[in-house]
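The block underneath contains the structure these notes are about, expressed in structure tokens.
A, B, ... follow the sequence lines: proteins, then strands. Residue 1 opens every chain.
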Amino acid sequence: MQNIAVQKIAELARITLTENDAATFESQVLEIIEFNADRLSKISDLPKKVEAVRISINSLSHLDEPKPSLSQELALANAAESLNGFIVVPKVLE
Amino acid sequence: MNLTNLSIIESLSLLREKKVSATELVSSHIERIEKLDGELGAFLYIDHQGAIKKAEELDRRSDFSNTLSAVPFAIKDSILTSDMPSTAGSKILKGFVSPYNATVVEKIKNAGAIVLGKTNMDEFGMGSSTENSGYQKTLNPWDFARVPGGSGGGSAVAVAADLAVAGLGEDTGGSIRQPAAFTGTVGLKPTYGLVSRYGVVAYASSFDQVGPVTKNVLDSAYLFNIISGPDDNDATSLSYTQDYFSEIDMGELKGLKIGLPKEYFDEGIDRSIAEKVRWVAKHLESIGVEIVEVSLPHSGEALSVYYIIALSEASSNLARYDGIRFGPRAKSSSVVETYLKTRAEGFGAEPKRRIILGTYALSAGYADEFYKRAVAVRQLINQDFLEAFQKVDLLLGPTTPTTAFKFDSNATPLEMYMNDILTVPVNLSGIPALSIPIGLLGNLPVGLQIIGPRLGEKKIFQVAKKIEDMVGFDKLGEPYGIF
């Protein structure tokens, strides 16, 4: 593995990185990826059929009935900006 | 009488016998927090007045029949509370007050518990030392130069230093058990699905589990009775209940078969810790338990599998922090710029690193090599445990490869990740494990981990209680640092 386009990945993850951060992360991330790739590449007995991870059996289910939900006031209480019952956001379309 | 070193059971007994009032019990803990927590840094938020007020109300009613009447609690900051802030240790949630309580909080409050405050943690549970908190350091009460473990260092320290009678933690890759081992407390990572995740800030959803952090095994089983059980609000919760407490001393250990996984005692593990665990195994042997060596052949890959799958899940879960619906918002003229800036300013280095790693593992061209391969190996790890539990009832091993390490002693993130090598396999497999203290090395606690098959908590508690009775950790003394 040569290098990782950390800035590009950060952009996809919607995080701005400073150049310094990007440089530090690049070596750290590369070290971790190489470590993981090395460990997993050594496995020779991979299952032929991978089952979906069984999170739980005896899982609960309940009737799909409407129940009281959060009030508009509570739902907006933590928003950085709200107006007339709506969340205010910066321009989405230029 | 010292009221701050009481267990849950002892507190309830004194309250019910009218030997102590709720106000006395809660005030003594608040006073201790005021005296010590400025230095220890276990709490991110303390509700002094609210706690005293609730205690006074209970005294007025003079009814302590409820299962956790007036018991002072510390709650990890990633578990939502509607009357206190919940930041999950991150600045991106600074000031966030949840509109609802997590199910576990609702359960302990309905049982009469008094929540003293919210405890420090590595941001979103991402760390093994609580050094990655966006707010403050938490010191290990046994040695202030050392970390308390993580991510749930705050709850563990609150309990270890007698700032609270009990705590709630959340374990994704060892975040309850590793701090328990480092601070001499008892921490349970339950079977996945036994405790509701409703209202718990998600890090890696197929791993996260809430569990008790307590001073002894009896309290752990008692509290687990209260917080476990099905919840309509969590589709992954199990329709299963059990009494873990009443028969804790009644289990027949003679004839029980316990396995020591050879991979948990290899050269990467501190020799003295491994010896202490073997010494406990010998004790168990002397009372009729059969001890055998077993193998979990894919243990060496568990760390990599964890750090691929958990981080992939984290990169998706943490996408919700965009400054729109909650948390601080960076000023910007466009919505995309707002996301970029808010997340850059709000997340610390470790969440950023983990989001980048998770995004990479899921990206086109790499998902097959990383994510899908890791999911396949997770299945092998699960298979290892299933095969081991066909031969033995439980597994026993160290909780951590070392005792508590010094601050800033891990040179790289990868070195820090290595601390989780003995705790992550259990999370990958969704099975339960309990860490209990078994003695000191120098002045630092050593944790032993009892691992059980799925829904095997009852037997784990029975064996843990027996070990606790034999080892008598509570007689070894108090943490040195705070005296």
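A:I43 approaches B:H298 most closely through the heavy-atom pair CD1-CD2, 3.8 Å.
Contact count against chain B (heavy-atom pairs under 4.5 Å) is highest for A:P47 among A:P47, A:A5, A:A13. Put simply, of A:I87, A:L46, A:V92, A:L74, the one with the most heavy-atom pairs under 4.5 Å next to chain B is A:L46. Contact tally against chain B (heavy-atom pairs below 4.5 Å) for A:K42, A:K91, A:E11: the top residue is A:K91. Residue with the most contacts toward chain A among B:P328, B:G95, B:S333: B:S333 (heavy-atom pairs, distance under 4.5 Å).
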Item to check | Derivation of the side chain to side chain contact (heavy atoms under 4.5 Å, CB included) call for B:T412 and A:Q28 | outcome: CA-CA 7 Å; B:T412 65; A:Q28 291 170 341; 5.7 Å; no
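Residues A:R39 and B:Y307 are not in side-chain contact: their nearest non-hydrogen atoms beyond the backbone lie 4.5 Å or more apart. Residues A:I33 and B:F370 meet the side-chain proximity criterion, which asks for heavy atoms closer than 4.5 Å. Counting heavy atoms from C-beta outward, B:I356 and A:L17 have side chains that approach closer than 4.5 Å. Under the 4.5 Å side-chain criterion, counting only non-hydrogen atoms from C-beta, B:P413 is in contact with A:I32.
Looking at residues two or more places apart in sequence or on another chain, you find no side-chain hydrogen bond (donor to acceptor under 3.5 Å, both in side chains) involving B:E301. For B:F96, the ring pair (Phe, Tyr, Trp, His ring centres under 6.0 Å) partners at least two apart in sequence or on another chain are B:F326.
Within residues 76-84 of chain A, the residues that have a heavy atom under 4.5 Å from a heavy atom of chain B are A:N78, A:A79, A:A80, A:E81, listed by number. For residues 314-323 of chain B, the interface with chain A (any heavy-atom pair closer than 4.5 Å) comprises B:G323, sorted by residue number.
For B:A374, the parts sitting under 4.5 Å from any heavy atom of chain A are the backbone and the side chain alike. For A:D38, no part lies under 4.5 angstrom from a heavy atom of chain B. Using a 4.5 Å cut-off between heavy atoms, B:T338 touches chain A through its side chain atoms alone. Interface residue B:L357: only side-chain heavy atoms are found under 4.5 Å from chain A. Both the backbone and the side chain of A:E31 come within contact range of chain B, with heavy atoms under 4.5 Å apart. Heavy-atom distances place the side chain of A:F25, and not its backbone, under 4.5 Å from chain B. For A:I15, the parts sitting under 4.5 Å from any heavy atom of chain B are the backbone and the side chain alike. Looking at B:K352, the atoms closer than 4.5 Å to chain A (heavy atoms on both sides) sit in the backbone and in the side chain alike. For chain B, the nearby part of A:L70 is the side chain; its heavy atoms alone come within less than 4.5 Å.
When atom types are taken as modelled, the side chain of A:R14 and the backbone of B:V336 share no donor-acceptor pair closer than 3.5 angstrom.
Atoms CG and CD1, on B:L362 and A:I9 in that order, are 11.5 Å from each other to the nearest 0.5 Å. One distance of note links OG of A:S41 with CZ of B:R373; it measures 6.5 Å at 0.5 Å rounding. Note that the CG atom of A:N36 and the CG atom of B:L303 stand 7.5 Å from one another [nearest 0.5 Å]. Between B:R353 atom CZ and A:T24 atom OG1 the span is 8.5 Å, to the nearest 0.5 Å. Distance check, rounded to the nearest 0.5 Å: CD of B:E337 to OG1 of A:T16 gives 6.5 Å. For the atom pair CG (A:D45) and CD (B:Q383), the distance works out to 10.5 Å, reported to the nearest 0.5 Å.
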